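Heads up: the structure comes next, in structure tokens.
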Amino acid sequence: MMNNSVEQLEWRYAVKKFDSEKQLSKEKLVILKNAFNLTATSYGLQPITLVVIQNKALQKELVSHSYGQEQVAQASHVLVICIENEIDSDYIANYFDKVKKVRGTSEEILNPFKESITKSFSKKEIREIKEWSKNQAYLALGNLLTICALEEIDSCPMEGFSPPAYDEILKLKEKGLSATLVLPVGYRAEDDLFSTFKKVRKDMSESIIEIS
Ligand SMILES: Cc1cc2nc3c(=O)[nH]c(=O)nc-3n(C[C@H](O)[C@H](O)[C@H](O)COP(=O)(O)O)c2cc1C
């Protein structure tokens with residue numbers, strides 16, 4: 001018998017048609033928000049923000065900026081994972097202030113680490129920082145996909161959208177953010193053909209190397 005979490009991962013798939021009548025409960029949404037916020041990130045800096053959309057008119061408008069993918073309109077909610085446009089010394093200082101407040105760690109202990117991170121980021125080009133932030137966005141996506149599977153929430157991870165259009169429509173630039181990944185969530189339509197398709201994956205003997 002297969003372990004329950006593996007069964008749930010088999011159950012999930014990238015939904016091509018959502019049931020637009022079915023909505024996520026408030027409780028399920030809170031679970032997804034927590035899963036996003038609890039995502040592990042490099043240094044703990046969390047250079048990511050989740051925009052949660054539940055607005056049919058806006059969702060419909062976003063379809064044409066998502067290569068016509070109707071899931072964006074049909075889904076109960078559309079989650080947009082955004083990254084910070086800049087990680088400067090103030091951003092890093094805020095993080096360390098939070099560590100001090102939450103854990104009561106002394107500045108004497110925190111400062112060497114804070115200085116080393118601040119120095120390392122000051123040497124990086126914006127492009128490099130954005131790439132690093134994007135990596136954190138993908139981690140959050142992975143985390144959300146797994147939690148969706150365990151909670152029997154359907155989803156479709158999406159890179160297929162126009163980030164500049166999303167930035168403009170969602171007024172993200174004003175918030176210092178850029179849209180990076182989109183995740184419509186909700187419940188699969190009964191007639192979504194893709195729910196019947198078998199999973200296509202490498203044999204585990206190809207994808208896993210065991211060294212003992
Ligand atoms: C980062 C990422 C971006 C993706 N973008 C899209 C997308 O824009 N539209 C879509 O229908 N599926 C998209 N997919 C879904 C993949 O095609 C799908 O996960 C893959 O074929 C495996 O199928 P399964 O998830 O149904 O098991 C994306 C998946 C990932 C992980």
Side-chain angles (χ1 to χ4, degrees), residues 2-20 22 24 28 32 35-36 38-42 46-53 58-84 127 130-170 172 177-208:
M2 199 52 95
N3 164 285
N4 186 45
S5 17
V6 176
E7 275 177 6
Q8 286 311 117
L9 292 174
E10 295 271 5
W11 171 87
R12 76 144 290 282
Y13 72 102
V15 170
K16 299 291 185 264
K17 188 176 177 189
F18 285 91
D19 182 340
S20 48
K22 289 191 184 158
L24 285 191
K28 291 285 187 195
L32 293 186
F36 176 80
L38 286 167
T39 296
T41 57
S42 176
Q46 289 185 282
I48 48 174
T49 300
L50 189 68
V51 175
V52 181
I53 305 171
L58 178 57
Q59 287 173 235
K60 276 184 191 151
E61 185 184 352
L62 290 172
V63 171
S64 60
H65 305 290
S66 314
Y67 297 95
Q69 300 192 81
E70 291 288 341
Q71 299 99 305
V72 171
Q74 300 156 348
S76 165
H77 294 71
V78 176
L79 310 183
V80 183
I81 303 175
C82 306
I83 57 164
E84 292 288 327
R127 181 189 47 79
K130 282 206 156 183
E131 211 171 284
W132 170 82
S133 298
K134 260 191 169 184
N135 292 340
Q136 317 312 313
Y138 278 84
L139 270 179
L141 177 74
N143 207 19
L144 284 168
L145 285 174
T146 305
I147 296 303
C148 278
L150 296 178
E151 292 293 328
E152 301 205 339
I153 297 168
D154 282 304
S155 64
C156 182
M158 282 186 181
E159 282 171 326
F161 70 101
S162 160
Y166 269 62
D167 291 351
E168 168 101 19
I169 293 167
L170 304 176
L172 294 175
L177 301 171
S178 295
T180 302
L181 289 162
V182 176
L183 185 69
V185 291
Y187 296 99
R188 63 188 71 176
E190 267 179 32
D191 60 348
D192 184 7
L193 202 59
F194 280 76
S195 69
T196 63
F197 291 173
K198 281 192 170 168
K199 284 238 171 282
V200 181
R201 292 294 191 271
K202 287 181 177 177
D203 285 342
M204 285 210 274
S205 60
E206 282 180 87
S207 65
I208 293 164

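As the structure lists them, so they are numbered: ligands from 1, and atoms in each ligand from 1. Remember, predicted model here, so these are calculated numbers, not experimental data. All values below come from the heavy atoms of this structure, side chains included, with hydrogens, waters and symmetry mates left out.
- Listed by number with element, the atoms of ligand 1 under 4.0 angstrom from any heavy atom of Tyr138 are 1 (C).
- Closest heavy-atom approach to atom 11 (O) of ligand 1 among the candidates Met158, Glu10, Lys198, Lys16: Lys16.
- In this structure, atom 25 (O) of ligand 1 lies nearest to the protein heavy atom Arg12 NH2, 2.8 Å.
- For the pair Ser178 and Leu172, the tightest heavy-atom approach, listed with the atom from each and the gap, is C-CD1, 4.5 Å.
- Remark: Glu152 CD is packed, more than 12 non-hydrogen atoms of other residues, nucleotides or ligands lying under 6.0 Å away.
- Taking all atoms of both residues into account, the shortest heavy-atom contact from Ala179 to Val80 is CB-CG1, 3.8 Å.
- The ligand atoms of ligand 1 that sit less than 4.0 angstrom from a heavy atom of Cys156 are 10 (C), 11 (O), 12 (N).
- Counting the atoms of ligand 1 from 1 in the order shown, those under 4.0 Å from a heavy atom of Gly160 are 8 (O).
- Protein heavy atom at the shortest distance from atom 26 (O) of ligand 1 is Ala14 N, 2.9 Å.
- Using a cut-off of 4.0 Å between Lys/Arg side-chain N and Asp/Glu carboxylate O, Lys199 and Glu10 are scored as not salt-bridged.
- Residues forming a salt bridge (Lys or Arg N to Asp or Glu O under 4.0 Å) with Lys16 (at least two apart in sequence, or on another chain): none.
- With respect to atom 10 (C) of ligand 1, the closest heavy atom belonging to the protein is Gln69 OE1, 3.4 Å.
- For atom 8 (O) of ligand 1, the nearest protein heavy atom is under 4.0 Å away.
- Nearest to atom 5 (N) of ligand 1 by heavy-atom distance, out of Lys199, Gln71, Glu159, Arg201, is Glu159.
- Looking only at heavy atoms of the protein, atom 6 (C) of ligand 1 is closest to Pro157 O, 3.0 Å.
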Next on the checklist: Walk me through whether Asp203 and Ser205 qualify under side-chain hydrogen bond (donor to acceptor under 3.5 Å, both in side chains).
Outcome noted: CA-CA 5 Å; Asp203 285 342; Ser205 60; 4.7 Å; no

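- Looking at residues two or more places apart in sequence or on another chain, you find no side chain to side chain donor-acceptor pair (under 3.5 Å) involving Asp167.
- When all heavy atoms are compared, the tightest approach of Tyr166 to Leu62 is OH-CB, 3.8 Å.
- Taking every non-hydrogen atom of Tyr13 and a distance limit under 4.0 Å, the qualifying atoms of ligand 1 come out as 26 (O).
- Distance screen at 4.0 Å: atom 20 (C) of ligand 1 has no protein heavy-atom neighbour inside the cut-off.
- Phe194 and Tyr13 have their aromatic ring centers separated by at least 6.0 angstrom.
- Atom 14 (N) of ligand 1 lies below 4.0 Å from at least one non-hydrogen atom of the protein.
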